[in-house]
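Let me begin by presenting the structure, written as structure tokens, before commenting on it.
Note: hydrogens, waters and symmetry copies are ignored here, and every other heavy atom, side chains too, is used.
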Amino acid sequence: VALKSARPRDLTTLGAALALLPELRACLDGVDSPRLAELYVLLAPLPDSQTLLETAIVPSPPALIRDGGVIAEGFDPELDELRAISSDATSYLGELEVRERELTGIPGLKVGYNRVHGYYLEVSKAQSDRVPDRYTRRQTLKAAERYITAELKGFEDKVLSSRERALAREKALYEELLERLGEDLARLQQVSEALAELDALTNLAERAETLEYRMPRLTETPGLDIKRGRHPVVERVQSEPFEPNDCHLDDERRMLIITGPNMGGKSTYMRQVALIVLLAHAGSFVPAEAALIGPIDRIFTRIGAGDDLSRGHSTCMEEMIETANILHNATPASLVLMDEIGRGTSTYDGMALARASALYLARRLRALTLFATHYFELTALAATCDGVANVHLDAVEHGDKIVFLHHVKPGPANRSYGLQVAALAGLPKSVLDDARELLAQLEAGGGPVSAEQPQMSLFEPGSASRPQPAEHPALEQLAALDLDNLTPREALEALYRIKQALDSD
């Protein structure tokens with residue numbers, strides 16, 4: 001409305017919304033809520049605008065004003081008169097066709113219209129010799145002739161001009177309608193904002209009641225205390241019951257090192273904590289039995305793996321860019337989710353980056369952090385770094401299978417169950433057997449790379465003390481050459497001598 005670009009169907013929707021305001025206000029009348037009382041006042045009806053829209057626009061208008069037929073009948077007498085001329089055209093043309101057949105004695109004569117030639121009287125070629133002189137030829141077809149008369153021409157000018165004038169009048173009325181609505185623009189915007197807020201609150205309330213959400217408590221004390229929290233999306237899409245989990249972070253416990261099996265629920269657990277915090281700050285109830293949430297300025301996440309080929313960034317590069325952003329911008333009031341740092345590089349590089357990042361978050365930034373990892377070496381941080389605690393997601397092996405319990409327990413995990421997950425994914429049995437054998441060697445320290453036997457250096461220690469082979473005579477000859485003062489012929493001769501020495505070896 002403000003930009004004069006509202007389409008006819010926008011206005012019918014606006015009119016329908018204004019018509020609902022009295023009923024909506026009745027629902028809010030007397031509600032014990034300061035904010036809803038304010039919305040009651042803001043949703044004051046606009047009877048003038050509502051009446052204007054109801055009387056000016058047809059109930060189901062075309063998409064665009066240029067198509068015509070938007071302004072309702074009875075709204076403007078001049079437009080009604082112009083439309084009447086066009087609507088009377090059908091009856092007039094029917095009467096004209098009957099009359100001309102009687103006057104000319106041509107039973108097959110008919111009246112027609114097309115956009116190129118306008119109205120015409122059509123006669124077959126077999127009967128064209130019976131056409132009177134007052135007919136003027138307009139178009140010749142293969143099997144017929146088309147004519148116009150002075151009477152039909154005058155009617156055509158009247159009808160076509162009335163249609164053009166009606167459409168022009170309709171466009172002018174539409175512009176005036178937008179101008180008149182614009183006079184109530186401030187109140188229309190006020191009502192729109194109040195309706196949007198009421199709509200959001202109503203949906204949040206319905207979800208809270210239907211899904212058994214609870215009201216969170218926001219406190220000035222740093223930390224989080226979530227009891228039996230749930231993931232709002234996962235719990236709705238999975239067939240089996242969702243396993244709720246607690247999360248406790250405070251000034252003395254600012255980082256959780258989360259370990260456990262693949263597919264055990266580490267990412268789900270971290271994300272549900274972040275979503276509960278986000279919902280609480282948006283003014284919603286949360287999927288938990290109880291939630292006490294301290295000040296949170298931002299939520300940072302480093303989750304998932306993916307490259308950016310368009311910028312030439314590998315998976316590792318993307319991971320490090322996100323990590324750098326977190327380490328540069330997180331504060332003690334930030335909630336940080338770090339999932340599997342260091343996956344895109346070698347084992348030792350990845351472990352070193354993950355440990356250094358965890359230490360930076362725990363000691364320097366002191367952000368509230370959920371740090372999921374498969375590097376079990378990082379669980380030792382809980383014993384050496386203040387504010388760090390270990391938790392893990394539980395799983396149980398049953399024969400060659402694994403059952404994920406999705407339950408967060410204190411302490412570190414001792415396995416990742418990667419081979420069991422690979423079996424669930426359908427890897428060939430021979431591959432799994434080879435992997436188990438190699439895993440046993442690595443865990444026993446007999447593999448090519450283990451904690452006790454680091455990756456071999458390209459230049460092994462002590463190699464310089466080994467006896468070196470004697471230099472070849474050809475090398476001595478080559479070293480004795482004064483390359484800068486040799487002529488091409490002398491260089492060629494020297495090359496032959498060196499080759500001869502090599503051949504005689």
Side-chain angles (χ1 to χ4, degrees), residues 1-28 39-93 112-119 155-203:
V1 171
L3 299 174
K4 306 294 190 296
S5 62
R7 295 186 174 185
R9 292 174 185 173
D10 296 330
L11 298 188
T12 55
T13 304
L14 177 59
L18 293 176
L20 288 174
L21 289 183
E23 185 179 350
L24 280 172
R25 295 185 85 230
C27 295
L28 297 177
L39 292 179
Y40 177 86
V41 175
L42 294 173
L43 290 172
L46 286 82
D48 293 342
S49 294
Q50 177 189 338
T51 302
L52 177 63
L53 289 168
E54 289 176 347
T55 57
I57 305 295
V58 297
S60 299
L64 302 171
I65 183 62
R66 69 183 181 214
D67 297 329
V70 172
I71 303 299
E73 186 177 350
F75 182 72
D76 181 69
E78 180 181 345
L79 178 60
D80 292 343
E81 182 181 351
L82 292 170
R83 284 175 171 172
I85 296 174
S86 298
S87 62
D88 291 343
T90 302
S91 59
Y92 170 80
L93 292 173
Y113 172 81
N114 65 37
R115 292 188 177 183
V116 177
H117 296 96
Y119 290 99
F155 176 80
E156 177 183 82
D157 293 341
K158 181 180 178 181
V159 169
L160 295 181
S161 64
S162 68
R163 288 179 179 174
E164 293 175 358
R165 287 160 53 203
L167 184 57
R169 178 63 181 166
E170 198 164 356
K171 290 180 179 178
L173 290 171
Y174 194 79
E175 291 294 328
E176 291 178 9
L177 175 61
L178 293 177
E179 289 285 348
R180 290 169 64 181
L181 289 173
E183 296 173 3
D184 281 337
L185 182 62
R187 292 188 63 198
L188 287 171
Q189 291 173 331
Q190 170 184 295
V191 169
S192 297
E193 292 176 1
L195 279 174
E197 182 174 341
L198 184 61
D199 182 46
L201 293 175
T202 303
N203 278 278

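Applying the ring-ring contact (aromatic ring centres under 6.0 Å, His included) rule to Phe155 yields the partners Tyr92, Tyr119; only residues at least two apart in sequence or on another chain are considered. With sequence neighbours excluded, the residues that form a side-chain hydrogen bond (donor to acceptor under 3.5 Å, both in side chains) with Asn203 are Asp199. Listed by chain and residue number, nothing satisfies the side-chain hydrogen bond (donor to acceptor under 3.5 Å, both in side chains) test with Glu175 (two or more places apart in sequence, or in another chain).
Applying the side-chain hydrogen bond (donor to acceptor under 3.5 Å, both in side chains) test to residues at least two apart or on different chains, the pairs with a partner in residues 73-84 are Asp76-Arg169, Arg83-Glu170. Each side-chain hydrogen bond (donor to acceptor under 3.5 Å, both in side chains) pair with one or both residues in residues 6-17, not counting sequence neighbours, would appear here, but there are none.
To the nearest 0.5 Å, atom OH of residue Tyr174 and atom CG of residue Leu11 are 4.0 Å apart. Taking CG from Leu185 and CG from Leu178, the interatomic distance works out to 11.0 Å, rounded to the nearest 0.5 Å. To the nearest 0.5 Å, atom OG of residue Ser192 and atom CG of residue Leu14 are 7.0 Å apart. The CG atom of Leu181 lies 12.0 Å from the CD atom of Glu176; values are rounded to the nearest 0.5 Å. Within the model, atoms CD1 of Ile65 and CG of Leu167 stand 7.0 Å from one another, a figure rounded to the nearest 0.5 Å. Taken to the nearest 0.5 Å, the CG atom of Leu188 stands 6.5 Å off from the CG atom of Leu18.
A pairwise comparison of heavy atoms in Pro62 and Asp67 identifies CB-CB, 4.0 Å as the closest pair. Considering all non-hydrogen atoms of both residues, Leu21 and Ala44 come closest at CD1-O, 4.0 Å. Closest of all the heavy-atom pairs between Leu79 and Ala166 is CD1-O, 3.4 Å.
Under a 3.5 Å cut-off, the side chain of Arg187 and the backbone N or O of Pro45 do form a donor-acceptor pair.
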Side-chain donor-acceptor contacts of residues 47-61 below 3.5 Å, not counting sequence neighbours, with atom names and distances?
unit_1, atom_1, unit_2, atom_2, d
Ser49, OG, Asp184, OD2, 2.7
Gln50, NE2, Glu54, OE2, 3.1
Thr51, OG1, Pro47, O, 2.8
Thr55, OG1, Thr51, O, 2.9
Thr55, OG1, Leu52, O, 3.2

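Counting heavy atoms from C-beta on, the side chains of Leu42 and Val191 never come closer than 4.5 Å.
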